[in-house]
Amino acid sequence: MIGRIRRRLFDILNSSGSRDPVARVFSIAIMCLIIFSILSVVLGTVESLASKHRQLFAVVEISTVGIFALEYLLRLWVITLDPRYGNPVLGRLRFMLTPLALIDLLAIAPSFLRAGDLRSLR
């Protein structure tokens, strides 16, 4: 059963542009979440909005980073189903060094590192 769930997650996470309706909805939802997150960060730099809605911006940041982190971890979990990344350790490391995986990591890392305000890296 876990194997079937893992395979289905792999198909959803790695099937952008496919005819699978769940994969399409997931891809669109992630794109919308990216746009929403960027908009929130940009609006959070407007002092009049930031001072009035600081808590809302914080909730949006925590929520979106949490979703992106979960997506990243799920990709790491299922990536070994791709023959290019089949080795459980080296395959995952190789995947983590791909350009898109590095971008994903750089987008979520500042929220976990909290060494100053690194949100601009996102």
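Since we're looking at a predicted model, the values are computed, not measured. Side chains included, hydrogens not; waters and symmetry mates left out as well; all remaining heavy atoms used.
- Under a hydrophobic clustering in which Ile, Leu, Val, Met, Phe, Trp and Tyr are joined whenever their side-chain heavy atoms come within less than 4.5 Å, directly or via other members, Leu73 and Leu100 fall into different clusters.
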Give the C-alpha distance, both sets of side-chain angles, the deciding distance and a yes or no for side chain to side chain donor-acceptor pair (under 3.5 Å) between Thr80 and Arg6.
-> CA-CA 10 Å; Thr80 56; Arg6 197 164 168 236; 2.3 Å; yes
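- Of all non-hydrogen atoms in Phe10 and Val78, the two that sit nearest each other are CD1-O, 3.4 Å.
- To the nearest 0.5 angstrom, Ile62 atom CD1 is 12.0 Å from Ile67 atom CD1.
- Taking the side chain to side chain contact (heavy atoms under 4.5 Å, CB included) definition, one finds that Val22 meets it with Arg8, Ile12, Asp20, sequence neighbours left out.
- Side chain of Thr64 to main chain of Val60: a donor-acceptor pair is present (N/O by atom type, distance under 3.5 Å, no hydrogens or angles).
- Arg84 contributes no side-chain N or O that, together with a main-chain N or O of Arg94, makes up a donor-acceptor pair within less than 3.5 Å.
- Looking only at distances, no side-chain donor or acceptor of Arg7 sits under 3.5 Å from a matching main-chain atom of Gly3.
- The hydrophobic cluster containing Phe36 does not contain Ile103, counting ILVMFWY residues as joined when their side-chain heavy atoms lie under 4.5 angstrom apart, directly or transitively.
- Hydrophobic clustering, with ILVMFWY side chains joined whenever heavy atoms are under 4.5 angstrom apart, keeps Ile28 apart from Ile35.
- Side-chain contact between Leu93 and Leu97: absent, with no pair of heavy atoms (C-beta onward) separated by less than 4.5 Å.
- In this structure, Ala101 and Phe95 approach most closely via the heavy-atom pair CB-O, 3.2 Å.
- Residue Tyr72 is grouped with residue Phe112 when hydrophobic side chains (ILVMFWY) are merged at heavy-atom distances under 4.5 angstrom, including chains of intermediate members.
- Trp77 is connected to Ile108 through a chain of hydrophobic side-chain contacts under 4.5 Å among Ile, Leu, Val, Met, Phe, Trp and Tyr, so both are in one cluster.
- Taking 4.5 Å as the limit, every side-chain heavy atom of Ser111 sits out of range of all side-chain heavy atoms of Phe68.
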What's the verdict on side chain to side chain contact (heavy atoms under 4.5 Å, CB included) for Glu71 and Ile30, showing C-alpha distance, side-chain angles and the deciding distance?
-> CA-CA 9 Å; Glu71 179 205 10; Ile30 287 294; 4.0 Å; yes
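- Residue Ile79 holds its CD1 atom at 13.0 Å from CG of Asn87, rounded to the nearest 0.5 Å.
- The line from CG of Leu9 to CG of Asn14 is 10.0 Å long, rounded to the nearest 0.5 Å.
- Arg24 contributes atom CZ, which lies 11.5 Å from atom OG of Ser15 (distance to the nearest 0.5 angstrom).
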Atom pairs and distances, side-chain donor-acceptor, residues 45-59, under 3.5 Å, sequence neighbours left out:
| from | atom 1 | to | atom 2 | distance (Å) |
| --- | --- | --- | --- | --- |
| Thr45 | OG1 | Val42 | O | 2.5 |
| Ser51 | OG | Glu47 | O | 3.1 |
| Ser51 | OG | Ser48 | O | 3.3 |

Derivation and outcome, side chain to side chain contact (heavy atoms under 4.5 Å, CB included), residues Leu13 and Leu74 = CA-CA 8 Å; Leu13 292 171; Leu74 287 173; 3.9 Å; yes
